[in-house]
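Please read the structure below before turning to the comments.
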Amino acid sequence: MTEPPRIIPNPDGGVILHLPNVTHLDTQVWSVDIGLTHDDLAALRNVLNEQPDRSQP
């Protein structure tokens with residue numbers, strides 16, 4: 001893993017998930033399949049856990 005995943009604001013609303021080390025990508029109109037190594041998956045989990053909980057007022 002050379003660069004960690006990031007979550008950045010999307011100017012159109014929501015967020016953009018930046019995954020720099022994708023090993024597989026398959027897109028369809030209704031879904032996307034993304035391949036990650038175990039280390040990159042762990043890094044992604046860490047990034048997701050660091051995000052503030054927006055469901056709380």
Side-chain angles (χ1 to χ4, degrees):
M1 183 173 68
T2 57
E3 180 184 347
R6 295 179 313 207
I7 298 175
I8 55 177
N10 183 345
D12 296 329
V15 297
I16 295 172
L17 184 57
H18 176 75
L19 302 171
N21 301 312
V22 173
T23 60
H24 170 82
L25 180 65
D26 181 22
T27 61
Q28 302 294 324
V29 173
W30 55 87
S31 68
V32 62
D33 294 331
I34 300 172
L36 300 171
T37 65
H38 291 287
D39 289 342
D40 289 325
L41 179 58
L44 175 58
R45 285 182 178 136
N46 289 337
V47 167
L48 292 172
N49 287 332
E50 293 171 1
Q51 294 302 301
D53 182 0
R54 294 188 174 227
S55 66
Q56 301 299 320

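Quantities reported herein were computed from a predicted structural model and do not represent experimental measurements.
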Discussion item. Tell me whether the count of non-hydrogen atoms from other residues, nucleotides or ligands lying under 6.0 Å of NE2 in His38 goes above 12.
Written reply: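 No - once you tally the heavy atoms of other residues, nucleotides and ligands closer than 6.0 Å, there are 12 at most.
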
Item to complete: Take Thr37 and Asn21 through the test side chain to side chain contact (heavy atoms under 4.5 Å, CB included) and record every step on the way to the result.
Response: CA-CA 8 Å; Thr37 65; Asn21 301 312; over 6 Å; no

Worksheet entry | Sub-4.5 Å side-chain heavy-atom contact between Leu44 and Leu17 | yes

Worksheet entry | Closest non-hydrogen atom pair between Pro20 and Pro5, with its separation | CD-CA, 3.9 Å

Fill in: Counterpart residues, side-chain contact (heavy atoms from CB on, under 4.5 Å), relative to Ile34 (two or more places apart)
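With neighbours one apart ignored, the set is Leu19, Val22, Leu25, Val32, Leu36.
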
Hey, can you pull the donor-acceptor pairs under 3.5 Å for the side chains in residues 8-16, sequence neighbours left out?
residue, atom, partner, partner atom, Å
Asn10, OD1, Asp12, N, 3.0

